[in-house]
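A quick write-up on the structure given underneath.
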Amino acid sequence: MGTVATIGVYGWTLERFLDALRQADVGLLVDVRQRRGVRGSEYSWANAGRLQAALAEAGVRYSHHTELAPTTEMRHLQYREDARLGVGKRSRAELAPEYREHCLQEVLDRDDLARFVRELPAGRSSALF
């Protein structure tokens with residue numbers, strides 16, 4: 001198993017996003033979004049259908065794992081912290097401690113990660129998106 005990295009949507013163009021995946025030798029992009037769409041024309045490339053087509057053309061496999069997605073309640077914890085700090089989700093630099101804790105307890109600690117790990121490509125990196 002190679003390295004597992006993370007990558008988000010904001011601040012990227014499709015070309016720069018794919019270039020970052022190539023530079024990291026990503027063979028599998030694991031989409032952990034509950035909803036696979038992004039608002040705004042600037043990020044329309046990240047909507048599921050377009051993203052999957054671009055990844056296929058770039059030779060990167062795509063997998064969607066909703067069981068690893070943060071719940072709506074967890075996302076609302078983060079939104080409250082964003083509001084408290086006066087930052088938008090497109091400009092946040094760090095996740096709220098309470099959000100991280102809920103992710104660990106309600107998602108990662110409860111899921112069968114061995115099933116997920118078996119999917120990761122040997123000898124290449126993977127990216128959680």
Side-chain angles (χ1 to χ4, degrees):
M1 176 179 80
T3 302
V4 178
T6 61
I7 191 166
V9 171
Y10 302 119
W12 299 95
T13 63
L14 175 60
E15 295 75 24
R16 287 184 52 236
F17 183 86
L18 293 174
D19 189 49
L21 296 180
R22 275 190 288 278
Q23 287 181 22
D25 192 30
V26 170
L28 172 67
L29 182 104
V30 181
D31 193 338
V32 296
R33 298 179 292 174
Q34 190 180 54
R35 297 184 191 99
R36 295 181 297 160
V38 181
R39 291 185 183 162
S41 60
E42 181 180 5
Y43 296 107
S44 62
W45 60 265
N47 293 328
R50 290 181 182 137
L51 178 61
Q52 288 175 63
L55 290 169
E57 189 173 311
V60 176
R61 287 188 310 126
Y62 173 90
S63 180
H64 185 222
H65 281 272
T66 55
E67 72 278 9
L68 298 177
T71 65
T72 300
E73 294 78 18
M74 289 163 44
R75 286 195 322 275
H76 284 279
L77 285 171
Q78 182 63 54
Y79 299 155
R80 283 194 295 278
E81 181 69 0
D82 291 345
R84 186 183 73 76
L85 295 174
V87 299
K89 67 181 178 181
R90 293 184 183 201
S91 60
R92 98 171 53 101
E94 190 173 324
L95 295 172
E98 189 176 13
Y99 175 90
R100 290 192 310 260
E101 187 62 33
H102 280 270
C103 281
L104 288 171
Q105 291 177 358
E106 296 175 29
V107 177
L108 297 177
D109 287 348
R110 291 188 179 178
D111 197 70
D112 175 13
L113 294 180
R115 176 175 42 93
F116 165 72
V117 170
R118 284 191 297 272
E119 185 179 347
L120 303 179
R124 295 194 68 193
S125 297
S126 301
L128 298 175
F129 177 64

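Values reported hereafter were calculated over all heavy atoms of this structure, with side chains retained and with hydrogens, waters and symmetry mates removed.
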Heavy-atom check, side chain of Leu28 versus side chain of Val60, under 4.5 Å |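 No, too far: nothing below the 4.5 Å cut-off.
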
Validation row: Met74, Val107 side chains within 4.5 angstrom (heavy atoms) |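 With C-beta onward as the side chain, the pair touches.
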
For Leu29 and Gln52, what are the C-alpha separation, side-chain angles and deciding distance, and is it a side chain to side chain contact (heavy atoms under 4.5 Å, CB included)?
-> CA-CA 9 Å; Leu29 182 104; Gln52 288 175 63; over 6 Å; no

Short question: side chain of Gln78, backbone of Leu95 - any donor-acceptor pair under 3.5 Å?
->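 It does not hold such a pair.
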
Short question: side chain of Ser126, backbone of Leu120 - any donor-acceptor pair under 3.5 Å?
->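 Here the side-chain-to-backbone pair does not exist.
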
Give the C-alpha distance, both sets of side-chain angles, the deciding distance and a yes or no for side chain to side chain donor-acceptor pair (under 3.5 Å) between Glu73 and His102.
-> CA-CA 10 Å; Glu73 294 78 18; His102 280 270; over 6 Å; no

Qualifying salt bridge (charged side-chain N to carboxylate O under 4.0 Å, His left out) pairs with a residue from [range], counting only residues at least two apart or across chains:
range: residues 75-85; value: Glu81-Arg84, Asp82-Arg92
range: residues 93-102; value: Glu94-Arg100
range: residues 18-32; value: Asp25-Arg124, Asp31-Arg33

Hey, what's the ring geometry for Phe17 with Trp45, parallel, tilted or perpendicular (30° and 60° as the breaks)?
->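 Tilted: the ring planes of Phe17 and Trp45 meet at 30° to 60°.
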
Option from Leu21, Val32, Val26, Leu51 for which side chain to side chain contact (heavy atoms under 4.5 Å, CB included) with Phe129 holds =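 The option that passes is Leu51.
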
Assert yes or no for the condition that the ring centre distance of Tyr79 to His76 is strictly below 6.0 Å.
->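 Ring centroids of Tyr79 and His76 are less than 6.0 Å from each other.
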
